[in-house]
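First the proteins, then the strands, lettered A, B, ... as listed; each starts at 1. Below, each value reflects all heavy atoms present in this structure, side chains not excepted, and no hydrogens, waters or symmetry copies.
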Number of protein chains: 2
Amino acid sequence: MTTPLRLESLEALDAIDRHGSFAAAAAALYRVPSAISYTISQLENDLGVAVFDRSGHRAVLTPAGRLLLDEGRRILTATRELGAAARRVADNWEPELRIAVDGLIPPTDLWPAIAAFGAEHPAINVRLTEEVLGGTWEALIDDRVDLAVGVADPPAGAGVRRTAYADVAFAFCCAPHHPLAERTHAVSEDELRSHRAVVVADSARRLSPRDAGLLDGQPRLTVASMASKVAALEHGLGVGHVPRAWVAEALAAGRLVEPPLDRPREAAQTWLLWRSGAPGRALAWFIRRLGGDRDQPMPRASQMRS
Amino acid sequence: MTTPLRLESLEALDAIDRHGSFAAAAAALYRVPSAISYTISQLENDLGVAVFDRSGHRAVLTPAGRLLLDEGRRILTATRELGAAARRVADNWEPELRIAVDGLIPPTDLWPAIAAFGAEHPAINVRLTEEVLGGTWEALIDDRVDLAVGVADPPAGAGVRRTAYADVAFAFCCAPHHPLAERTHAVSEDELRSHRAVVVADSARRLSPRDAGLLDGQPRLTVASMASKVAALEHGLGVGHVPRAWVAEALAAGRLVEPPLDRPREAAQTWLLWRSGAPGRALAWFIRRLGGDRDQPMPRASQMRS
DNA sequence: ATACTCGTTCAAACTTTTCGAACGCCTGAA
DNA sequence: TTCAGGCGTTCGAAAAGTTTGAACGAGTAT
């Protein structure tokens with residue numbers, strides 16, 4: 001139940017190794033050599049283990065001493081880091097900020113912000129997850145993430161705040177060797193229904209999954225992520241709407257083409273969402289960086305579009 | 001340079017959380033409540049952070065306090081474990097024992113010994129690697145492992161001790177659909193030369209690789225491990241000698257067959273090897289368990305069979 | 001109301017750590 | 001070889017830090 005080791009002993013051990021002698025360590029720690037001697041013999045007493053071999057003239061580490069030095073340094077580092085982390089928490093900085101990016105947004109969109117944050121606050125971890133449709137919202141309200149980026153039609157819900165994020169424009173794509181690729185006049189909804197659609201599965205675990213604007217009766221290929229959807233489209237496995245940012249390069253390179261559509265899909269307004277209540281400073285940093293200042297409360301359910 | 005945290009503070013924090021109140025923690029630590037109060041306020045002073053919220057009647061952890069408690073417990077555990085590990089090292093127990101098993105020996109051969117060791121000494125790590133031919137020896141003399149198991153023809157070398165390990169009998173195998181499978185009369189060396197041999201690559205990184213008793217001019221398929229060799233033989237990719245223990249099951253199940261051979265390969269004597277010098281107690285444990293007491297010095301080079 | 005528990009504060013008793021001086025040992029230069 | 005200088009230990013005295021017990025105010029359960 002009692003700690004058989006004092007941090008000061010490890011600190012002395014570290015200083016001795018770092019400076020080469022008891023005397024030099026004493027100087028470095030603003031203490032007198034006998035105090036270091038005392039601290040080390042106290043360590044040896046606590047442990048019942050010889051840390052230095054004093055048979056020669058200069059004290060030299062025993063194998064056990066070596067282990068204490070090496071592992072002890074890890075403990076010292078962890079301890080200092082813990083102190084610093086506690087101070088950050090008290091200062092309202094989260095130890096880790098968890099962000100979910102919706103499949104609508106290419107994760108690369110966030111890299112500049114994350115890089116900038118990392119440069120400013122190297123000690124705060126950022127955990128990025130990718131979610132789809134309802135999964136993004138669910139991750140937020142289940143407290144699995146602190147910030148949701150790029151949610152298209154946030155359901156009504158108390159306790160969530162939001163600010164506008166990007167407008168996402170869609171491209172209707174298929175592979176160049178797909179039957180629809182040669183079309184010069186617009187494709188009707190009826191005609192579309194006979195071609196397999198590639199859709200991304202809702203990543204919600206708990207809430208009922210939502211459809212992503214699908215025409216009924218259309219055959220589907222369901223994949224797990226937007227990246228897989230793009231790959232499936234490129235391989236000619238079907239057709240589908242994809243955020244333009246995901247496929248700009250593939251369209252330019254000719255790996256995908258855009259058949260004209262009778263009723264093109266409208267751009268979607270997407271949002272930045274976070275739970276209301278006092279946000280931590282890391283969260284505030286990201287909200288400000290990604291969303292600017294246009295924070296607004298979630299509308300009541302009656303005001304939501306379905 | 002100075003540690004802004006005392007282990008006793010973390011211990012007090014842990015006791016408070018564990019027992020529910022300052023008073024109960026004091027009792028558990030055989031101290032008086034005011035001493036606990038003192039220790040905690042010292043922690044708060046060191047850190048400049050409130051650990052408990054005293055606005056209510058009972059003190060309750062702040063978020064920073066929660067972090068200190070959770071992470072502090074890890075530090076306490078690591079510290080205690082370090083003390084114990086140092087004591088073991090001083091007592092000549094290695095913190096980790098590294099064992100190389102030669103490809104001749106199925107790794108499962110060692111599991112009973114490793115399981116027994118783990119039960120006796122749960123705190124000592126065992127690292128098992130698999131090597132082939134010269135690689136096993138090399139791992140030992142390069143100090144990448146402490147013990148080599150199942151080496152067939154150890155080269156002469158100072159500074160290595162040995163004791164006999166298993167005799168390994170070989171089976172000459174091929175797949176049932178291989179041309180040699182139907183043979184009823186013995187296969188000559190000449191004839192053998194026209195069939196592809198599956199051989200295991202020597203895992204030595206530095207020393208010149210050794211051949212594994214191969215007939216010159218025979219086409220080869222070289223694989224990385226005995227397990228791959230068995231798999232290759234089962235798929236009919238060639239023929240080869242395999243330690244009987246590796247293929248007993250495949251032979252019984254008919255996935256491999258044994259064509260009769262003109263000159264069957266003799267069983268090989270294998271050895272347990274370790275560097276001479278005072279062995280740690282974990283090493284001694286394994287030597288005793290795997291090799292019994294028949295430890296004998298390595299013969300001089302002139303006495304070695306090539 | 002009352003009795004109880006909680007956590008804090010304070011001065012006094014106590015324990016631990018640091019200091020400085022003295023010592024013995026070894027190394028390297030003269 | 002001697003000798004100067006550095007190393008690490010020991011010891012008593014001084015300083016610093018911790019623990020104690022009593023007193024207190026504040027909340028809770030009866």
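For the 3.5 Å distance criterion, the side chains of B:Glu131 and B:Ser203 qualify, holding a donor opposite an acceptor.
Between B:Glu8 atom CD and C:dT16 atom C1' the separation is 12 Å, expressed in whole Å. Following rounding to the nearest Å, B:Arg54 (CZ) and D:dG25 (C1') show an atom-to-atom distance of 16 Å. In this structure, A:His19 places its NE2 atom 17 Å from C1' of D:dG6, rounding to the nearest Å. Distance A:Ile36 CD1 to D:dT10 C1': 16 Å, rounded to the nearest Å. When the P atom of C:dT17 is taken as reference, atom CG of A:Leu29 falls 15 Å away, rounded to whole Å. Between the C1' atom of D:dT18 and the CG atom of B:Asp46 lies a distance of 14 Å, rounded to the nearest Å. Between the CD1 atom of B:Ile40 and the C1' atom of D:dT18 there is a distance of 14 Å, rounded to whole Å. Rounded to a whole Å, the CD1 atom of B:Ile16 is 12 Å from the P atom of C:dC6.
Under 4.0 angstrom from either OP1 or OP2 of C:dT18 there lies at least one side-chain N or O belonging to A:Arg31.
If you check C:dC26, C:dT8, C:dC19 against the side chain of B:Pro33, the one that comes closest is C:dT8. Considering only side-chain atoms of A:Ser34, the nucleotide from D:dT20, C:dC19, C:dG7 that sits closest is C:dC19. You'll find that the side chain of A:Gln42 is closest to C:dT17, out of C:dT17, D:dT20, D:dG8.
Nucleic acid contact for B:Ala35: base, since at least one base atom lies under 4.0 Å from a heavy atom of the residue. Contact annotation for B:Phe22: backbone-only contact, meaning every heavy-atom pair under 4.0 Å involves sugar-phosphate atoms and none involves a base. Looking at heavy-atom distances under 4.0 Å, A:Ser21 makes contact with sugar-phosphate atoms alone, never a base.
At a cut-off of 3.5 angstrom, the base of D:dG6 holds at least one donor-acceptor pair with the side chain of A:His57.
Between B:Trp285 and B:His121, the ring-plane angle classifies as perpendicular under the 30° and 60° cut-offs. In this structure, A:Phe52 and A:Phe22 have perpendicular ring planes: the angle between them is above 60°, well past the 30° mark.
Residues A:Arg6 and B:Ser37 each lie close to DNA chain C; by heavy-atom proximity, the contact nearer the 5' end of the strand is made by B:Ser37. Nearer the 5' end of DNA chain C, as judged by each residue's closest nucleotide, is the contact made by B:Ser41, out of A:Tyr30 and B:Ser41.
Note that CG of B:Leu10 is 6.5 Å distant from CG of B:Leu43, once rounded to the nearest 0.5 Å. Between B:Glu94 atom CD and B:Arg88 atom CZ the span is 11.0 Å, to the nearest 0.5 Å.
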